Asker: 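Just passing along the structure, written as structure tokens.
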Amino acid sequence: MSILRHSAWAAAAAIVLTVARFLFAAILARRLSLTDFGQYVYGQWLADLTFMVCSLGAMGAISRYVAEFRHDPGLLTAVVRRWRPFALGLPWVAAAAVPFAAWLSGLSLDANGLALLALLTMTSGLWAMQTAALTGMQRFDLAFGGSVVAAVVLVAGALWMPLDANGPSRVFGLMALASGSAAVVGSASTRRLLDGPPAVIDAPRWRGIREYAINMWLTALLWSLVWSRGEMPIVRAYLGDAGVAHYAAALVLFGGAIQGVMLATGGVAPQLTRLWGEGGKAQAVALARRIMDMQLLVCGAAAVMLIGLGPEVMQLAFGAGFRAGSTVLAVLSLGLIGLTVSCQNHLLQIATDGRFSRNATSAGLIALMASATVLVASAGLFGAAVARAGTMLLMAGVSLFFVHRRWGGAAYSLRNVVAVLAIVVACVAVQPQLADLSWVLRAGVALLAAGLLTVAVRDAEGRMQVTMIVQRLRLAMGDQR
């Protein structure tokens, strides 16, 4: 299966899940009270974080080594047999730990709510393990099937399930059902990885695998804090559950934008891993450069559209009560530019057995928590958005610095980075002055900025990146015929 086909399946899975989660949150924002909606958001974040603490790097390790050892069935079987007990057992450990985490953080849930939160933690953990294995296998078609199952359960349940007036307990139960159902899809394929005689893996290689797993565990844990609502406890401490609800609404749209702009690269990471494992390091670096140029254009365009149409998007998604959050959304949109180094980060992660990701994310966590503590206290939700976007841009800058040191300036285009950042920052700066204009005028400004981006972003040969994207899409469509 070609890289374009892998990316298409990965994109389809991400689209389905992103749309479902967006609809789920939008429906709940209208059906739950503001306080219950805030508790739902915080409880979901707590379940995800608790599982990450207990995952021990099993997801990152299996995702890498299933892809890397595909050429050697014996090595593949040996690694999967070692991974299997962790994949089945660690989600149960997380489920046992999450009630204590809820108590420690002051989340007000009754016994039924805690039990359903634990069930959600366990089932979502099993689904995450399954998805990691399918990613390594490059079976994005099965990942897509799991996403479809989860989407149907989530949206249908949110629309028709009676909700408890005393909290989000039933919401946690519905999410657990969706995750558990999705985890079943593709399980037969991952079980087949256990077939066949395992090879003998020498001690140094096992040590390398363990080191990578531990580094990826720490990285994933830190990543979940830096890139996925790590500042939420600070927002809750200063602004309460209502503040969490308003901030989460902007983050849901921001997260949807992240999923959207990353769609075309969903199948690239295993391809980069395969090239690296086969000795094609120069080809991997060149591919990462091409993908980054494309991401700069797409992320920049998504950012300026969110900035320009933020009030309408917030109101349409969550209701008139959330329209004022458009300024927070505009600031968060700056963080999209930090995502454009994802392929370079993946190569640095492989080249250093995860050490770079671990160290860079640790520094990012310190920056996020320190800045959020100061800025939320002084500027509320606006300060939280500045802290998050600023941290994402800072981490991207650190990544590019080390990419330049390791592979030189040809590994990325500094000109493209500066041009995109300048255009998006200018849009954020004028957003308050344009807020009172009609949406048509603001859309026109956003389209003008997007036009500037299409002219500014060019590939390594100086050609407009948008024309190269169109050519690749035409070529892919021709191959399908």
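Remember, predicted model here, so these are calculated numbers, not experimental data.
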Asker: Residues in side chain to side chain donor-acceptor pair (under 3.5 Å) with Tyr212, at least two apart?
Answerer: Gln349

Asker: Applying ring pair (Phe, Tyr, Trp, His ring centres under 6.0 Å) as the test, list every pair that has at least one member in residues 282-310; sequence neighbours left out.
Answerer: none

Asker: Give, for atom OG of Ser105 and atom CG of Leu49, the distance between the pair rounded to the nearest 0.5 Å.
Answerer: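 Output value for this atom pair is 10.0 Å.
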
Asker: Donor-acceptor pair, Arg388 side chain versus Ala385 backbone, under 3.5 Å?
Answerer: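 No, the answer is negative, given that no donor and acceptor are paired below the 3.5 Å cut-off.
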
Asker: Taking C-beta and beyond as the side chain, do Leu400 and His404 meet within less than 4.5 Å on heavy atoms?
Answerer: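 SC-SC contact between Leu400 and His404 ruled out.
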
Asker: Against the six-membered ring of Trp276, is Arg64 placed for a cation-pi contact (under 6.0 Å from the centre, within 45° of the normal)?
Answerer: no

Asker: Can you tell me which residue pairs pass the salt bridge (Lys or Arg N to Asp or Glu O under 4.0 Å) test with a partner in residues 393-416, sequence neighbours excluded?
Answerer: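 Counting only pairs at least two positions apart or across chains, no salt bridge (Lys or Arg N to Asp or Glu O under 4.0 Å) contact touches residues 393-416.
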
Asker: The criterion is side chain to side chain donor-acceptor pair (under 3.5 Å); which residues satisfy it with Gln431, sequence neighbours excluded?
Answerer: none

Asker: Considering only NZ, NE, NH1 and NH2 on the basic side and carboxylate oxygens on the acidic side, decide whether Asp241 and Arg236 come within less than 4.0 Å.
Answerer: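 Arg236 and Asp241: salt-bridged.
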
Asker: Under the rule for salt bridge (Lys or Arg N to Asp or Glu O under 4.0 Å), what residues qualify as partners of Arg442, not counting sequence neighbours?
Answerer: Glu312

Asker: Using the test side chain to side chain donor-acceptor pair (under 3.5 Å), find all partners of Glu461 that sit at least two apart in sequence or belong to another chain.
Answerer: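 For Glu461, the residues satisfying side chain to side chain donor-acceptor pair (under 3.5 Å) (neighbours in sequence not counted) are Arg463.
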
Asker: Under 3.5 Å, side-chain donor or acceptor atoms of residues 444-457 against the rest of the protein: list the pairs with distances, not counting sequence neighbours.
Answerer:
from   : atom 1 : to     : atom 2 : distance (Å)
Thr454 : OG1    : Gly451 : O      : 2.6

Asker: If a pair satisfies ring pair (Phe, Tyr, Trp, His ring centres under 6.0 Å) and one of its residues is in residues 332-366, list it, with sequence neighbours excluded.
Answerer: Phe356-Phe402

Asker: When you measure from the side chain of Ser333 to the backbone N and O of Leu329, does any donor-acceptor pair fall under 3.5 Å?
Answerer: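 Yes; at least one donor-acceptor contact below 3.5 Å.
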
Asker: Flag the pair Met294 / Thr340 as yes when at least one side-chain heavy-atom distance between them is below 4.5 Å, and no otherwise.
Answerer: no

Asker: Got a sec, which residues hit side chain to side chain donor-acceptor pair (under 3.5 Å) with Tyr247, two or more places apart in sequence or on another chain?
Answerer: Glu231

Asker: Mind checking whether Trp83 and Phe86 have ring centres under 6.0 Å apart?
Answerer: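 For Trp83 and Phe86, the ring centres are not under 6.0 Å apart.
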
Asker: Partners of Phe144 by ring pair (Phe, Tyr, Trp, His ring centres under 6.0 Å), sequence neighbours excluded?
Answerer: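 Per chain and number, Phe144 pairs via ring pair (Phe, Tyr, Trp, His ring centres under 6.0 Å) with Trp9.
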
Asker: Identify, with sequence neighbours excluded, every residue that meets salt bridge (Lys or Arg N to Asp or Glu O under 4.0 Å) alongside Arg289.
Answerer: Asp293

Asker: Can you tell me if Ser124 uses its side chain to pair, donor with acceptor, with the backbone of Thr121 under 3.5 Å?
Answerer: yes

Asker: Suppose the criterion is salt bridge (Lys or Arg N to Asp or Glu O under 4.0 Å): which pairs have a residue in residues 268-280, not counting sequence neighbours?
Answerer: Arg274-Glu278

